[in-house]
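Both counts, for ligands and for their atoms, begin at 1 and track the order of listing.
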Amino acid sequence: MTKITAAITGVHGWVPDYVLTNKELETMVETNDEWITSRTGIKERRILKGENQGTSVIGTQAVKGLLEKTGNKAEDIDLLICATTTPDMLFPATANVISNNVGAVNAFSYDLQAACSGFIFALSTASQFIETGKYKKVIVVGADKMSSIIDYEDRQTCIIFGDGGGAVLLEPDTEGYGIKDSILHTDGSGEQFLHMKAGGSRKPASPETLIAKEHYVYQEGSQVFKFAVTNMAEVAADIMAKNNLVSDDVAWLVPHQANKRIIDATAKRMGVSSDKVMLNIHKYGNTTSGTIPLCLWEYEKQMKKGDNIILAAFGGGFTWGSVYIKWAYDSK
Ligand code: UT7
């Protein structure tokens with residue numbers, strides 16, 4: 001029997017208009033453009049403003065654009081998975097909201113939460129539904145409105161995160177293109193260094209949790225950095241070794257955009273030169289589940305059919321992993 005792989009056959013991204021620059025952050029917290037640029041590589045990030053604007057706004061725009069550019073009808077989508085850490089509401093799933101907004105009436109939808117590794121966890125999950133032969137058109141969304149859980153008085157976190165996201169379409173391929181392999185990891189002991197304390201079932205929202213600012217991201221940055229820099233580099237190198245790839249075989253590294261220094265360390269460990277590394281952290285900061293699809297969207301025209309592409313991410317949980325893709329199309 002012919003082996004079915006899940007090929008990405010289209011990608012689209014969306015970011016809100018409002019640009020929060022390092023200069024503006026200087027007026028909000030004790031920081032400066034030089035520190036942010038040299039320690040993270042970030043110059044600006046996008047913020048979704050306005051009442052009743054949740055992550056589904058980002059996801060909906062990305063999916064609408066994806067359907068339009070790939071010439072697909074919303075009712076032909078079988079499944080939509082949304083990777084997000086900032087759902088519109090605890091329930092129902094933001095994926096359901098997006099499916100409803102775009103008219104994907106025949107799709108079943110659900111959210112997947114793996115913090116900054118969310119997109120690659122969702123991509124790996126979605127690929128199984130295609131590989132079994134059961135479904136033909138699956139959309140994976142990675143989107144976050146991080147500004148909704150950031151304390152703009154905390155200079156450790158507010159300089160890093162931004163809002164945005166993207167979506168890819170997966171379809172069956174029988175010529176060996178698409179998602180070839182994935183390695184995913186979690187280590188729940190990482191919770192202590194990166195989490196949001198309240199608003200879940202362990203500590204529901206109350207006047208006390210609000211006063212204690214427990215509805216914001218808590219991050220011990222330098223601890224997370226140490227784990228991220230080691231594990232993201234390690235897992236990217238592991239997937240190369242497992243698939244007998246040497247650095248010359250890799251056309252693109254698509255790293256989660258959390259910190260330019262983590263990205264550089266990953267590329268170095270893989271032996272991949274900087275011209276093969278997709279980068280947009282300077283424009284968007286860390287959009288959590290959004291970073292990788294936003295990169296794929298912005299670099300779409302530069303990728304060629306047959307390119308070996310390595311995705312790599314690290315995030316809260318801890319979660320981390322890598323996906324190896326043989327790119328399936330030349331974009332027009
Ligand atoms: O995406 C999910 C996973 N998250 C990550 O991967 C994030 C990983 N962590 C990081 O990217 C970095 O740890 C940060 C960007 C968060 C912080 O950079 P760092 O180089 O680890 O800085 P640090 O926390 O070790 O702080 C160094 C110094 C401190 O001052 P002293 O104690 O040396 O006087 C901080 O108080 O920099 C100070 N500092 C700042 N100064 C200006 C911390 N934040 C700022 C700031 N502006 N925004």
Side-chain angles (χ1 to χ4, degrees), residues 20-45 83-86 113-121 142-147 149-165 184-196 216-236 254-267 269 278-282 284-295 311-322:
L20 175 58
T21 60
N22 289 352
K23 276 272 161 258
E24 187 177 351
L25 279 168
E26 284 179 9
T27 68
M28 297 156 71
V29 287
E30 187 65 40
T31 192
N32 57 79
D33 175 47
E34 199 284 322
W35 191 96
I36 302 173
T37 308
S38 62
R39 303 307 290 170
T40 70
I42 303 167
K43 294 300 270 183
E44 56 191 45
R45 60 295 288 143
T84 187
T85 302
T86 51
Q113 207 289 94
C116 294
S117 310
F119 182 76
I120 62 167
F121 275 48
D144 270 296
K145 183 190 174 185
M146 292 305 290
S147 62
I149 54 168
I150 292 300
D151 176 3
Y152 285 93
E153 291 180 346
D154 174 13
R155 69 176 183 174
Q156 267 261 3
T157 50
C158 73
I159 56 137
I160 302 173
F161 292 100
D163 304 338
L184 306 176
H185 295 286
T186 59
D187 174 1
S189 69
E191 175 200 313
Q192 60 185 305
F193 304 118
L194 182 52
H195 58 255
M196 191 168 92
Y216 293 128
V217 170
Y218 171 87
Q219 174 170 264
E220 292 180 26
S222 51
Q223 286 293 338
V224 178
F225 185 91
K226 273 188 248 166
F227 283 98
V229 89
T230 313
N231 289 316
M232 200 163 114
E234 209 55 44
V235 74
V254 194
H256 168 53
Q257 315 274 308
N259 187 314
K260 174 80 163 45
R261 290 181 290 145
I262 300 173
I263 295 170
D264 291 345
T266 304
R269 176 81 172 76
M278 294 192 189
L279 202 70
N280 58 21
I281 190 169
H282 51 293
Y284 306 135
N286 182 350
T287 55
T288 300
S289 301
T291 61
I292 290 178
L294 278 173
C295 276
L311 317 183
F314 182 90
F318 292 133
T319 55
W320 68 104
S322 192

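- Comparing Val29, Thr85, Val224 by heavy-atom distance to atom 5 (C) of ligand 1, the nearest is Val224.
- Between Trp320, Phe225, Phe193, it is Phe225 that holds the heavy atom closest to atom 8 (C) of ligand 1.
- The part of Ile159 lying near ligand 1 is the side chain, judged by heavy-atom distances below 4.0 Å.
- With hydrogens and angles disregarded, a donor-acceptor distance shorter than 3.5 Å links the side chain of Arg261 to the backbone of Arg39.
- Residue Arg155 holds the heavy atom nearest to atom 36 (O) of ligand 1 of all those in Arg155, Gln156, Glu34.
- Of all the listed residues (Thr291, Ile160, Val217), Ile160 holds the heavy atom that lies closest to atom 16 (C) of ligand 1.
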May I have the step-by-step check of side-chain hydrogen bond (donor to acceptor under 3.5 Å, both in side chains) for Thr84 and Asp144, ending in yes or no? CA-CA 6 Å; Thr84 187; Asp144 270 296; 2.9 Å; yes
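- Proximity of Cys116 to ligand 1, defined as any heavy-atom pair under 4.0 Å, is confined to the side chain (atoms from C-beta onward).
- Open room surrounds CD on Glu153; 12 or fewer heavy atoms of other groups in view lie less than 6.0 Å from it.
- Ligand 1 has no nitrogen or oxygen under 3.5 angstrom from a nitrogen or oxygen of Asn32.
- Considering only residues two or more places apart in sequence or on other chains, Ala83 meets the side-chain contact (heavy atoms from CB on, under 4.5 Å) condition with Ala122, Ser289.
- At a 4.0 Å heavy-atom cut-off, ligand 1 does not touch Ile36 at all.
- Residue Asn286 touches ligand 1 through its side chain alone, judged by heavy-atom distances below 4.0 Å.
- Pairing each heavy atom of Leu279 with each of Lys260, the nearest pair is CD2-CE, 3.5 Å.
- Not a single heavy atom of Gln223 sits closer than 4.0 Å to an atom of ligand 1.
- With contacts defined as side-chain heavy-atom distances shorter than 4.5 Å, the pair Thr86/Thr288 does not qualify.
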